[in-house]
Amino acid sequence: MPYQLHYWPTIQGRGEFVRLALEAAGADYVDVARLPESKGGGESALGRLLGDAGNARPAFAPPFLVDGDIVVGQTAAILLYLGPRLGLSGVGESDGLWTHQLQLTIADAVAEAHDTHHPISTGAYYEDQRDAATQRAKAFREERIPKFLNWFEQVLQRNPSGSLHLVGDTLTYADLSLFQLVDGLRYAFPKATARALDATPAVEKLHGNVKRRQRVHDYLQSPRRIAFNEDGIFRRYAELDG
């Protein structure tokens, strides 16, 4: 049976990291909420599964993955589960653990990117916390974007197998997720990210290499790839880019 990915149908968000892994591996999967309700899809399908009282191990929120009787929530946990099954977690336990650690660091960066436009409350509109967002974004673009990308630059430069991949000499879900992080930062903070990438050429090269991979390229050009928008994690507000 195909994997079932459950995530919001109109944004990339955290579900996009899982979509990229499934697409890059050529896996058979269904993006459930993007199906019509007549075929068991739509946002109502998310609510039904999240509210299923018969599930003793419910996900807190989308994304979550269904694989037969197994339900896995949290992006990093989903990728930890999928990684070895899709051939995207390196070779052996050590590589798998390192790939997972990299993914958790990417998750930290994603959370900080989100908090630039919602620094006070996720339940309030951006316009209601604009002043705080301006301050939070300034620190993020001047301090945190360079810090995260510089660390990944070091990881690439220190990889004994060369700087083309984060783990070993083959594609992992960490490479795909770093691609998505950079892509999102370029959308939300184009000026600040361009400056940071000038100082991290290996990160920029990895982004380009991942984008050129045939399955990734085909996915990015397809209607399956949802465009960045101001409802997702990475949002472009010109005033936040300085």
Item to check | Short N-O contact, Glu112 and Arg136, less than 4.0 angstrom | outcome: no
Item to check | Heavy-atom check, side chain of Val66 versus side chain of Phe64, under 4.5 Å | outcome: yes
Checklist entry - Of all heavy-atom pairs between Ala192 and Ile145, which one has the smallest distance, and what is that distance? => result CB-CD1, 4.4 Å
Checklist entry - Do Thr193 and Arg141 touch side chain to side chain, with heavy atoms closer than 4.5 Å? => result no
Checklist entry - Looking only at atom types and distance, does a side-chain atom of Tyr187 sit under 3.5 Å from a main-chain N or O of Arg235, one as donor and one as acceptor? => result no
Item to check | Co-membership, hydrophobic cluster, residues Val210 and Leu156, 4.5 Å side-chain | outcome: yes
Checklist entry - Can any side-chain N or O of Asn229 pair as donor or acceptor with the backbone N or O of Ala227 at less than 3.5 Å? => result yes
Next on the checklist: Contact between Arg213 and Glu23 at the side-chain level, heavy atoms closer than 4.5 Å - yes or no?
Outcome noted: no
Checklist entry - So, the side chain of Arg215 versus the backbone of Ala25: is there a donor-acceptor pair under 3.5 Å, distance only? => result yes
Checklist entry - Between Val155 and Trp98, is any pair of side-chain heavy atoms under 4.5 Å apart? => result yes
Item to check | Check: Leu176 main-chain N/O paired with Gln180 side-chain donor or acceptor under 3.5 Å | outcome: no
Item to check | Heavy-atom side-chain proximity of Pro201 to Glu153 below 4.5 angstrom | outcome: yes
Run the side-chain donor-acceptor check on residues 101-111: report pairs under 3.5 Å with partners two or more places apart or on a different chain.
from, atom 1, to, atom 2, distance (Å)
Gln103, OE1, Ser177, OG, 2.7
Gln103, NE2, Ser177, OG, 3.3
Thr105, OG1, Gln101, O, 3.1

Checklist entry - For Thr172, does its backbone N or O pair with a side-chain atom of Asp175 as donor and acceptor, under 3.5 Å? => result yes
Checklist entry - How about Gln4 and Leu65: do any of their side-chain heavy atoms sit closer than 4.5 Å? => result no
Checklist entry - Does some side-chain heavy atom of Val71 sit less than 4.5 Å from a side-chain heavy atom of Arg57? => result no
Item to check | Side-chain H-bond candidate by donor/acceptor type, Asp218 with Gln214, under 3.5 Å | outcome: yes
Checklist entry - Within the side chain of His118, is there an N or O that forms a donor-acceptor pair under 3.5 Å with the backbone of Ala124? => result yes
Next on the checklist: Could you check whether any side-chain N or O of Asn159 sits under 3.5 Å from a backbone N or O of Gly162, counting only pairs where one atom can act as donor and the other as acceptor?
Outcome noted: yes
Item to check | Ring centre gap for Tyr29 and Tyr3 strictly below 6.0 Å | outcome: no
Item to check | side chain to side chain contact (heavy atoms under 4.5 Å, CB included) evaluation trace for Val203 with Leu197 | outcome: CA-CA 7 Å; Val203 171; Leu197 288 173; 4.0 Å; yes
Item to check | Residue list, salt bridge (Lys or Arg N to Asp or Glu O under 4.0 Å) with Arg19, at least two apart or on another chain | outcome: Glu16, Asp31
Checklist entry - For the rings on His117 and Tyr126, is their centre-to-centre separation under 6.0 Å? => result no
Item to check | Side chain Lys191, main chain Gly242, donor-acceptor under 3.5 Å | outcome: yes
Item to check | Thr116 (side chain) donor-acceptor with Ala113 (main chain) under 3.5 angstrom | outcome: yes
Checklist entry - Short question: side chain of Asp95, backbone of Val167 - any donor-acceptor pair under 3.5 Å? => result no
Item to check | Salt bridge present between Glu43 and Arg34 (N-O < 4.0 angstrom) | outcome: no
Checklist entry - Going through the distances and angles, do Phe140 and Phe189 end up as a ring pair (Phe, Tyr, Trp, His ring centres under 6.0 Å)? => result CA-CA 10 Å; Phe140 182 69; Phe189 300 94; 5.4 Å; yes
Next on the checklist: Pairing donors with acceptors under 3.5 angstrom, does anything connect the side chains of His207 and Asp183?
Outcome noted: yes
Next on the checklist: Taking the basic N atoms (NZ, or NE/NH1/NH2) and the acidic carboxylate oxygens, is any pair closer than 4.0 Å for Lys147 and Glu143?
Outcome noted: no
Item to check | Residue pair Leu5, Val30: steps toward the side chain to side chain contact (heavy atoms under 4.5 Å, CB included) verdict | outcome: CA-CA 6 Å; Leu5 173 63; Val30 178; over 6 Å; no
